[in-house]
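Taking it in order: structure first as structure tokens, then the write-up.
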Amino acid sequence: MRQLRNGVFSLNGREWSLLVACVLAIIVFSVASPYYATSGNAGTVLRNSIELLLVGLGMMLLLAMGGIDVSVGVVMGLAAIGVGRALGAGVDPVLTAFVGPLTGALLGLLTAAVIVLGRIPAIVGTLGLLGVYRTAIFVLLGGQWLSGLPTGLTLLLGTTILGLPVAAWVIAFAYLAVWVALRRTPFGLHLLAIGNSEEKARLSGIPVVKVRFATFIVSGALTGLAATFYVANYRNVEMTVGSTLALDAIAAVVLGGTSILGGKCSLVGTVLGVLLLRILQNGLLLTGVPSLWQPVVTGGLLIGVLGFEVLSNRLSLSQLGWASK
């Protein structure tokens, strides 16, 4: 387990490969489009990465625990509706900023109750909740966008502190807090142990139910925080908000080195996976590729990474077999 904990935070070959891939993608798209290598477009890529960096952080924890949540997109949508309604009702922007995380945490609690207490596989449970939450979004919005929201939250979260925007500080704090939790508290050891083998973790005395509940709640709160920044950036809530968010989050996190089977995660890899995904999506759009094809690229990357890992594991097992002979 000590090796697992150290591996989570080291900069290994996967992270270096992602960094090189980001640089190469920037070079290729800069040559292909005269609008790519500009400060304005760089700002667009970073702004579009804010929500995915936060949701991806929660997804990383869930996957490392051996779980998953395919309803994060609609969870962000419901949290965004809460933030938008609060803004429209004239609630102070500072208080409104907490509506998203609180809503997300409550929905995370509900998700955990369904999956953990109901003993339902995470993929099945969150698929079911996806349908429920999507209908809730339609009912709450009445089939229309929530638009023309006040600018108070935008101005609040658009300010800079020591030359950096509030979003950068919030994301840095979130990643630092998760790093401390994984590295310096029993929570990290327990989460990775459950991801390795839930049955062995339970027999070892680890409070599996508490850890799983806490992880879903934290993931929900991070998704709700992403909703706060979404509303602040765009000042509206669409009917289809977050429709591809779950796919993007899973692809970015797995691309970053977090195991889909649990027991392994990478904070640095998650950041680089998000950036690479957004760089590719933005570059394809500027080179004339319709946005309709972006999920195809994301899904292709996810399938490719998972296929490569399966092949690598089989090769490793075969080599071990030959070595034992």
Side-chain angles (χ1 to χ4, degrees), residues 44-45 47-60 62-63 68-85 100-101 103-104 107-108 110-111 122-147 149 216 219-255 260 270 273-286 289-303:
T44 299
V45 172
R47 278 194 303 274
N48 291 340
S49 301
I50 293 173
E51 293 88 24
L52 188 55
L53 282 168
L54 291 169
V55 176
L57 182 59
M59 187 66 73
M60 182 201 75
L62 290 174
L63 290 178
I68 197 170
D69 187 351
V70 298
S71 69
V72 289
V74 285
V75 167
M76 191 181 85
L78 288 172
I81 292 173
V83 175
R85 297 293 189 198
T103 303
L107 291 173
L110 176 59
T111 302
I123 184 68
V124 177
T126 55
L127 270 175
L129 290 172
L130 171 64
V132 174
Y133 293 159
R134 183 170 289 163
T135 302
I137 289 177
F138 182 84
V139 172
L140 290 172
L141 291 179
Q144 298 178 344
W145 285 21
L146 187 63
S147 57
L149 297 173
F216 275 104
S219 177
L222 288 168
T223 302
L225 184 58
T228 301
F229 280 101
Y230 177 88
V231 174
N233 287 335
Y234 302 105
R235 292 179 53 212
N236 64 55
V237 181
E238 305 172 19
M239 286 292 300
T240 58
V241 59
S243 57
T244 63
L245 187 61
L247 175 62
D248 288 350
I250 295 170
V253 172
V254 173
L255 192 63
I260 196 75
T270 297
V274 168
L275 291 178
L276 178 59
L277 202 60
R278 288 302 189 228
I279 287 170
L280 290 174
Q281 292 171 344
N282 176 261
L284 291 171
L285 194 63
L286 289 181
V289 178
S291 58
L292 176 67
W293 291 96
Q294 288 186 6
V296 177
V297 174
T298 305
L301 279 173
L302 180 59
I303 293 172

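Scope of the values below: all heavy atoms of this structure, side chains included, with no hydrogens, waters or symmetry mates. Note that the coordinates shown come from a computational prediction; the quantities given were computed from them, not determined experimentally.
- Atom-to-atom distance recorded for W145:CH2 and M239:CE is 11.0 Å, nearest 0.5 angstrom.
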- Query: Please walk me through it: do T223 and V55 pass side-chain contact (heavy atoms from CB on, under 4.5 Å)?
  - Reply: CA-CA 5 Å; T223 302; V55 176; 4.2 Å; yes

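- Atoms CG and CD1, on L141 and I137 in that order, are 7.0 Å from each other to the nearest 0.5 Å.
- Rounded to the nearest 0.5 Å, atoms OG (S49) and CD1 (I279) are 7.5 Å apart.
- Using a 4.5 Å heavy-atom threshold, the side chains of N233 and E51 count as touching.
- Considering only heavy atoms from C-beta on, V253 comes within 4.5 Å of T270 through its side chain.
- The shortest distance between side-chain heavy atoms of Y133 and T111 falls below 4.5 Å.
- Considering only heavy atoms from C-beta on, R85 comes within 4.5 Å of L146 through its side chain.
- Y230 is not listed as a side-chain neighbour of L225, based on a closest heavy-atom distance of 4.5 Å or more.
- Atoms CD1 and CG, on I68 and L127 in that order, are 9.0 Å from each other to the nearest 0.5 Å.
- Environment of CZ in R134: sparse, with no more than 12 heavy atoms of neighbouring residues, nucleotides or ligands closer than 6.0 Å.
- With values rounded to the nearest 0.5 angstrom, M76 atom CE is found 9.5 Å from L52 atom CG.
- L140 is listed as a side-chain neighbour of L78, based on a closest heavy-atom distance under 4.5 Å.
- Between L280 and L276 there is a side-chain heavy-atom pair separated by less than 4.5 Å.
- Nearest heavy atoms, A79 versus G100: CB-O, 3.9 Å.
- With rounding to the nearest 0.5 Å, the separation of CG in L62 from CD1 in I250 is 9.5 Å.
- With a 4.5 Å cut-off on side-chain heavy atoms, L277 and Q281 count as touching.
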